[in-house]
Amino acid sequence: MFLGISLPYLLAAALALAHATTAAAILSPSPQGVHLAFGLDDDSMVVGYTTLENEASVVEYRLVGEDGPTLHASGVSRPFVDGGEEKLVRYVHFATLRGLRAGAAYAYRVGVGASRGAFLNAALAKTNPPREEKSASRSFSRWFAFRAKRSKAQVTPSSPLRMLAWCDVGHLESASAIRAVVREIHGPDGPREYAPPVGKTKTRDATSDETASIFAFPDAMLHCGDLGYDLDDSNGRNGDAFLQDIEPIAAYVPYMVSAGNHERAYNFSHYKARFRMPFGRSRAAGRATERDSQLANRDNQYYSFDLGPTHVVAWNSEAFFQPEYFDAAYARRMVDWLARDLRSVNRSKTPWVVAHAHRPMYCAASRASRERGRLTLRGEPLDRVAKPRCDAEKEAARLGIMSGTGRASRSPGDAMNVERLLYDHGVDLAFFGHVHDYERFFPVYDEAVEMAGVTTAASEDDDPADAYFQPHATVHVTTGSGGNKEMLDASRVAKEAENDAVRPPRRGRCANAVGRHRAAPWCAFASGFAPKASLGETSDFTFSRVIVLSDAVLRWEQVSAGDPSDDRSQSSKVIDAFTIVSPTHGAFARLGPRTDDAAAAAR
């Protein structure tokens, strides 16, 4: 995101060494960078991985805790040529596992065929139902595990839906957040081996413990843009390293992504090639075909899926900022798709709607409040303009205004109002990245706060524990601090701080101020806002939990993972939490006229 901050020499050297190490690992015959994603159908899961040789793709999988055969699914592999000077070629493999039992625990491993001639691409492109594996002349990875997508009936207050989220996550600089998320998934001992028993049957206790560990996995991991920082760096080796970094996460929990500005190299080629998101089938359509699965998902730029009582939708906010790759016609198709998708949501089946993209619509410090005495773009002194505003980039993302690379336009001439779609269709929660901090907002629409039903409270540790009861607008969150080379860790700040004073991240309620700036009226809480190394201020490296307890209750928790320069850090802490309580769901206009203050501010 924020460009122009150089990487210190030692960190650059460490990064180069990590790239060399990862390149050596990738050159081995074993598959690398294993990751999951939900398929087009509720009973499917897509497995992706990378090799440097063009070999046949196969995945072996089995139910955990039950007797039964080991099944296999054939996949497809395609060459992917990086756009850098070396023009390195990788082979990206995808296989779809079908007929999965809702909420069941599965173990799997990925492999490559010993003979390419036995698995022709034409044959792999056809539907290949699972069958018991008869031959073993292949090279396989270790055994991973996942839990198949749960049905709505399987989500209860005692077994809530749990999604993790983060954005702007790089290689190396995200070490503390990755460690914390791995602990969240696997516990303090890290990933275990889910291999089937060899020679003797596992004990009932061992099998039960294995199943319980899988049932404890979160239901999904959502990453809203800026992956790896950047996937294309070092001729794509940085992307290889990043996928290895997150394999202890993404090989066990479906890893659902949306694109950010750091994916833009070579027309988002790494993002398109390395991931496969579920797109290509409407809700009313029949079962997806193999052609849908293999051909319709290459773009990954916008898609949606249902998960228990939640409809999750992602769109490409870069469509408004990268004119060399996306024109107004593309943006219009995307916005029209988003409108159709939100219109099609059955709120009795999926009462909650959660959305994510990369660039946020709102800011913690409003432009008007911190530029008092200057002129607005309307030519009026700010002390005569009552309405606070975010910068032009936020406004372009919010209103869908086509803007150039590195700049934003306030001209509404070709606006495609994305925020209006969120309001009209009652999107409950929307989260974003791009800004490398954590910012939580009150319900807001058209830069006007909707405080009806908002209560503020504190936990026993005096951390926020606010509640939004039947909010009258979407709740926005910026969670862009997963860790990247533009953030300030303690070791970096120590080199630049005056008097060698290093301070912990600044965090708290926005009140009247955010750091050295006046807070925007919609800002509720911020952490790690705009740190300055010279003042000893560090960033806050965080990730998010989204917990759906019932059709009426959703909880958000923001977790600080600690400083990545402290290799011994094993602690994480909830720094902010809020609960949305919505007995009913749908278009916000159904709740009646907007409050007088909100209506006046929006005018």
Just checking, is any N or O donor in the side chain of Tyr229 or Asp226 under 3.5 Å from an acceptor N or O on the other one?
yes

Just by distance, do the side chain of Arg590 and the backbone of Ala587 share a donor-acceptor pair under 3.5 Å?
yes

Side chains of Thr310 and Met163: closer than 4.5 Å at any heavy-atom pair?
yes

Applying side-chain hydrogen bond (donor to acceptor under 3.5 Å, both in side chains), run through His270 and Asp232 and close with a yes or a no.
CA-CA 7 Å; His270 279 262; Asp232 64 285; 6.0 Å; no

Taken to the nearest 0.5 Å, the spacing of His358 NE2 from Cys167 SG works out to 7.5 Å

Looking at Asp306 and Lys152, does any basic side-chain N land under 4.0 Å from a carboxylate oxygen?
no

Under 3.5 Å donor-acceptor, Gln470 side chain and Gly453 backbone
no

Could you verify whether a donor N or O on one side chain and an acceptor N or O on the other, from Glu419 and Tyr362, lie under 3.5 Å apart?
yes

Go through the structure and list residues passing side-chain contact (heavy atoms from CB on, under 4.5 Å) with Ala319, not counting sequence neighbours.
Asn316, Phe326, Tyr330, Ala331, Met334

Is any side-chain heavy atom of Pro278 less than 4.5 Å from a side-chain heavy atom of Leu40?
yes

Salt bridge check: are Asp446 and Arg398 linked by an N-O gap of less than 4.0 Å?
yes

So do Cys363 and Cys523 have their SG atoms closer than 2.5 Å?
no

Evaluate the criterion side-chain contact (heavy atoms from CB on, under 4.5 Å) for residue pair Cys510 and Phe529; output intermediate values, then yes/no.
CA-CA 10 Å; Cys510 298; Phe529 179 83; over 6 Å; no

Classify the side-chain pair Asp540/Ser481 by whether it contains a donor and acceptor separated by less than 3.5 Å.
no

Should Val345 and His425 count as side-chain neighbours, where that means a heavy-atom distance under 4.5 Å?
no

What is the minimum heavy-atom distance between Ala473 and Pro443, and which atoms define it?
O-CB, 3.6 Å

Set of residues satisfying side chain to side chain donor-acceptor pair (under 3.5 Å) with respect to Thr479, sequence neighbours excluded
Ser544, Gln558

Rounded at 0.5 Å granularity, tell me how far CZ in Phe442 sits from CZ in Phe578.
11.0 Å

Pi-cation contact, Phe320 with Arg359 (under 6.0 Å, within 45°)
no

Counting distance only, does the side-chain N/O of Glu247 pair as donor-acceptor with the main-chain N or O of Gly33 below 3.5 Å?
yes

Could you walk me through whether Val181 and Met221 pass the side-chain contact (heavy atoms from CB on, under 4.5 Å) test, one step at a time?
CA-CA 10 Å; Val181 171; Met221 182 87 198; 4.1 Å; yes

To the nearest 0.5 Å, what is the distance between CZ (Arg347) and OG1 (Thr584)?
9.5 Å

Return the set of residues passing side chain to side chain donor-acceptor pair (under 3.5 Å) with Asp437 (not counting sequence neighbours), or none when no residue passes.
none

Minimal non-hydrogen separation, Ser44 against Thr96, with atom names
CB-CG2, 4.0 Å

Below 6.0 angstrom between ring centroids: does that apply to Tyr445 and His472?
no

Check step by step if side-chain contact (heavy atoms from CB on, under 4.5 Å) holds for Thr478 and Phe441.
CA-CA 9 Å; Thr478 297; Phe441 305 107; 3.9 Å; yes

I'd like to know if the side chain of His356 and the backbone of Val354 have a donor-acceptor N/O pair within less than 3.5 Å.
no

Got Tyr49 and Leu243 here, is their nearest side-chain heavy-atom distance under 4.5 Å?
no

Hey, are the side chains of Pro531 and Pro505 touching, using non-hydrogen atoms and a 4.5 Å cut-off?
no

What are the two closest heavy atoms between Asp245 and Pro248, and how far apart are they?
O-CD, 3.3 Å

Backbone N or O of Gly433 within a donor-acceptor pair of the Asp168 side chain at under 3.5 Å?
no

Check: Trp166 main-chain N/O paired with His223 side-chain donor or acceptor under 3.5 Å
no

How long is the span from the OG atom in Ser403 to the CD atom in Glu318, to the nearest 0.5 Å?
11.0 Å

Given Gln301, which partner from the list Lys272, Met277, Glu263 fulfils the side-chain contact (heavy atoms from CB on, under 4.5 Å) test?
Lys272

Short question: side chain of Asp82, backbone of Gly84 - any donor-acceptor pair under 3.5 Å?
yes

Shortest non-hydrogen contact between Arg555 and Ala577, atoms and distance:
NH2-CB, 3.4 Å

With the side chain counted from C-beta on, respond yes when Tyr302 and Asp341 share a heavy-atom pair under 4.5 Å apart, and no when they do not.
no

Less than 4.5 Å apart, side chain to side chain, heavy atoms only: is that true for Arg276 and Val92?
no

Paired with Asp219, the side-chain hydrogen bond (donor to acceptor under 3.5 Å, both in side chains) test is passed by just one of Arg150, Lys149, Arg162, namely Arg150

Give me the atom names and distance for the closest heavy-atom approach of Phe305 to Leu222.
CZ-CD2, 4.3 Å

Please tell me whether His585 and Asp551 have a donor and an acceptor in their side chains that are separated by less than 3.5 angstrom.
no

Classify the side-chain pair His171/Asn238 by whether it contains a donor and acceptor separated by less than 3.5 Å.
no

Rounded to the nearest 0.5 Å, how far does CD1 of Ile401 lie from CZ of Phe321?
8.5 Å

Please assess Asp466 against Phe525 for the test side-chain contact (heavy atoms from CB on, under 4.5 Å), listing each intermediate value before the final yes or no.
CA-CA 10 Å; Asp466 298 351; Phe525 184 93; over 6 Å; no

Whether Arg506 side chain and Ala526 backbone form a donor-acceptor pair below 3.5 Å:
no

Taking Asp230 first and then Lys485, would you say they form a salt bridge - that is, a charged N and a carboxylate O separated by under 4.0 Å?
no

Are Arg507 and Tyr438 close enough that some pair of their side-chain heavy atoms sits under 4.5 Å apart?
no

Taken to the nearest 0.5 Å, the spacing of Ile249 CD1 from Leu36 CG works out to 12.0 Å

Hey, is Asp336 close enough to Arg333 for a salt bridge, meaning N to O under 4.0 Å?
no

What one should report as the nearest heavy-atom pair of Leu164 and Pro218 is CD1-CG, 3.8 Å

Strictly distance-based, threshold 3.5 Å: is any side-chain N or O of Ser572 a donor or acceptor partner for the main-chain N or O of Ala561?
no

